[in-house]
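Not measured: the values here are computed from a predicted model. Convention: sequence-line order gives letters A, B, ...; per-chain numbering from 1.
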Number of protein chains: 2
Amino acid sequence: MSEKNIMSYETVSLDDEKSALVILNQTKLPYEVEIMNLTEQKDIWNAIYLLQVRGAPAIGVAAGFGVYLAAKQIQADTYEDFYKQFKAAKEYLDSARPTAVNLSWALNRMEQVVLVNGDKSVAQLKELLHKECVAIKDEDVWMCRQIGEYGLSLIKDGYGILTHCNAGQLATSKYGTALAPIHLGRERGMNFKVFTDETRPLLQGARLSAFELHADGVDTTVICDNMASQVMKNGWVQAVFVGCDRVAANGDACNKIGTSGVAILAKYYGIPFYVCGPTSTIDMSIARGEDITIEQRPAEEVTEMWYKKRMAPEGVGVYNPAFDFADNELITAIITEYGIARPPYTESLKEIFRKKLEDQKK
Amino acid sequence: MSEKNIMSYETVSLDDEKSALVILNQTKLPYEVEIMNLTEQKDIWNAIYLLQVRGAPAIGVAAGFGVYLAAKQIQADTYEDFYKQFKAAKEYLDSARPTAVNLSWALNRMEQVVLVNGDKSVAQLKELLHKECVAIKDEDVWMCRQIGEYGLSLIKDGYGILTHCNAGQLATSKYGTALAPIHLGRERGMNFKVFTDETRPLLQGARLSAFELHADGVDTTVICDNMASQVMKNGWVQAVFVGCDRVAANGDACNKIGTSGVAILAKYYGIPFYVCGPTSTIDMSIARGEDITIEQRPAEEVTEMWYKKRMAPEGVGVYNPAFDFADNELITAIITEYGIARPPYTESLKEIFRKKLEDQKK
């Protein structure tokens with residue numbers, strides 16, 4: 001890890017000397033900063049399963065490091081024996097969260113290294129796997145830094161910025177997506193005043209975004225979701241940055257529940273609303289936000305949260321969608337690692353993918 | 001109480017036979033329905049002080065009943081002796097919440113009865129005081145029913161209605177203000193589908209509005225504040241009803257924090273946004289919302305609420321305004337006991353007061 005870290009700890013890193021995957025245990029935030037040094041495969045599996053490491057990019061990076069550490073321990077005389085043991089280790093980690101796309105994506109990428117290097121020695125294979133898992137993280141950092149650079153070009157030192165949920169370093173290897181411009185600006189000595197919506201029901205804003213921003217020395221203020229309008233009315237917000245879970249071809253951006261409301265408020269108060277995400281979250285096969293199915297989550301998240309006492313009467317209904325989407329007309333720009341897309345998005349997003357393709361041809 | 005109750009319990013009532021003030025202990029909602037029969041003055045004082053009875057109109061009614069019960073026990077041979085004892089009882093109750101306007105308003109009104117009836121016997125005075133405290137409650141019920149009638153004229157059976165915080169029966173003697181159209185409609189066999197914003201940080205929507213609506217058999221769904229946009233986008237809301245803490249002469253309506261956000265969302269989705277409140281909350285001496293000072297409350301309400309664990313990191317800032325105001329341009333109508341005011345409010349609110357004055361002359 002040649003990168004100097006922006007906080008005093010990283011989300012996920014490799015300690016090759018100690019043969020350990022090092023993670024910040026996110027299930028204990030914000031009460032406790034627990035750095036875990038995981039050397040056993042079952043502990044790495046558990047870390048992914050128990051969301052001690054979370055966020056699609058961060059999970060991919062952890063899996064890459066994890067399967068490399070398994071490979072490093074393999075005692076094998078032949079390629080076939082090595083691959084057999086590698087494959088078992090890979091499948092074991094892959095079972096930790098079966099639906100997490102980045103998990104299997106990273107593990108398949110690691111397997112590919114073994115598959116295309118049948119002529120190499122076991123020692124050479126281990127070396128190549130080390131290179132690959134480091135590359136996975138480096139690329140993630142690159143992607144986030146690109147988003148950060150593009151985002152930073154849209155704001156100025158001293159801006160008030162509002163964010164919703166956590167699309168930060170804690171979900172990636174470094175910088176994050178929505179929070180990348182803030183962290184990157186911070187590296188350059190800039191200061192922003194950031195308002196984090198607490199983000200009910202699970203409070204990722206209060207627990208995670210506030211934690212990482214505060215740890216990075218950012219002037220951070222937690223507000224309840226329903227206070228965003230007043231904060232904007234006060235003139236304290238010059239830009240809104242949010243992440244995204246999926247973006248449709250027309251630019252409709254699906255993200256944590258509450259995002260569409262923030263977008264409408266921003267439009268009302270004349271504040272730019274920026275959606276940040278890697279091109280991997282833009283789904284050109286989906287025409288519009290209405291075509292994205294929104295996950296409904298358990299009522300208890302709303303009525304009980306971390307209490308043992310109920311916060312709402314027994315018997316009432318609860319509506320608890322995990323996501324909503326901001327209509328493309330509410331979005332000032334979509335910021336990706338290949339540039340800034342502006343309306344009309346049906347055109348500009350295609351242009352982003354053309355740039356990506358060109359870049360990959362190089 | 002000749003009124004048939006809309007729930008199986010009342011917010012505040014008088015049991016003259018048992019010489020008791022009967023209240024629903026709101027500090028235990030929604031976990032427990034505790035009906036308290038208060039016969040001792042110190043218990044009545046405590047009920048007001050500890051917010052076991054809350055909401056400006058309900059406090060006024062409780063104080064009227066409370067001081068009547070004190071008067072009822074008075075042993076006195078002369079008017080002077082009676083008044084002296086009455087005055088002491090009145091001042092004692094008045095000290096429970098020194099800044100609650102309705103508390104001293106109701107107690108002064110009761111005292112006035114004694115003051116203007118120096119020629120009456122002690123028995124007659126007690127009888128007159130009984131009449132007065134019942135009248136205070138009856139007028140409160142009348143005011144709420146009027147608001148309910150006017151509100152009901154704006155909606156139809158089957159409507160989806162969204163509300164924020166609690167401006168319901170639990171804050172008044174009956175019906176409430178924002179929830180009056182729903183309860184009144186219910187008495188007439190109508191059914192609405194009501195969404196209650198949970199209303200962070202203190203969750204009055206989840207705890208109180210959901211409780212009283214559910215108890216009245218209303219189809220009630222609790223949502224987190226940040227879900228209102230999605231509920232509106234789904235087409236589930238045909239009208240928004242909120243209460244108000246103070247309305248400026250231009251119609252800007254100050255109410256629980258989050259109200260302005262809901263108003264902006266309603267406008268975006270083309271949904272009428274109605275503010276309900278008695279004329280006593282309209283302050284014609286205040287020109288506009290910006291002139292209303294907004295109370296800032298303790299950070300712990302946001303970061304700890306009823307947890308013992310912190311929900312946000314130590315050291316981060318917290319912004320916790322108790323109220324915001326909806327710009328008059330966002331408000332479809334303001335519903336009072338003297339009719340419905342529509343834009344431009346600088347004119348229509350004056351008209352409401354003209355009607356009130358005429359009515360009082362009768």
Exercise. Within the side chain of D225(A), is there an N or O that forms a donor-acceptor pair under 3.5 Å with the backbone of R200(A)?
Worked result: yes
Exercise. Partners of R297(A) by side-chain hydrogen bond (donor to acceptor under 3.5 Å, both in side chains), sequence neighbours excluded?
Worked result: E295(A), E301(A)
For this session: Check whether the side chains of E187(A) and Y175(A) place a donor and an acceptor atom closer than 3.5 Å, and report yes or no.
Result: yes
For this session: Classify the side-chain pair R207(B)/N166(B) by whether it contains a donor and acceptor separated by less than 3.5 Å.
Result: no
Exercise. Checking heavy atoms, do the side chain of L208(A), its backbone, both or neither come under 4.5 Å from chain B?
Worked result: neither
Problem set entry | For chain B, which residues of residues 226-247 of chain A have heavy atoms nearer than 4.5 angstrom | N226(A), M227(A), S229(A), Q230(A), V231(A), K233(A), N234(A), W236(A)
Exercise. Counting only N and O atoms by type, is there a donor-acceptor contact under 3.5 Å from the side chain of S209(A) to the main-chain atoms of C165(A)?
Worked result: yes
Problem set entry | Partners passing salt bridge (Lys or Arg N to Asp or Glu O under 4.0 Å) against D157(B) (at least two apart in sequence or in another chain) | none
Exercise. Does any N or O in the side chain of N25(B) come within less than 3.5 Å of the main-chain N or O of T27(B), such that one atom is a donor and the other an acceptor?
Worked result: yes
Problem set entry | Residue, of A312(A), A263(A), G317(A), G315(A), that accumulates the most heavy atom pairs under 4.5 Å with chain B | G317(A)
For this session: From the options Q169(B), K174(B), E212(B), select the one residue that forms a side-chain hydrogen bond (donor to acceptor under 3.5 Å, both in side chains) with H183(B).
Result: E212(B)
Exercise. Between Y269(A) and chain B, which part of the residue has a heavy atom less than 4.5 Å away: side chain, backbone, both or neither?
Worked result: side chain
For this session: Could you tell me which portion of E290(B) (side chain, backbone, both or neither) has an atom closer than 4.5 angstrom to a non-hydrogen atom of chain A?
Result: neither
Problem set entry | No-hydrogen, no-angle side-chain donor-acceptor test under 3.5 Å, N328(B) and R288(B) | no
Exercise. Would T303(B) and V222(A) satisfy side-chain contact (heavy atoms from CB on, under 4.5 Å), going step by step from the backbone distance to the final call?
Worked result: CA-CA 8 Å; T303(B) 58; V222(A) 175; 5.5 Å; no
Problem set entry | Any residue of residues 249-260 of chain A which, by heavy atoms, sits under 4.5 Å from chain B | I257(A), G258(A), S260(A)
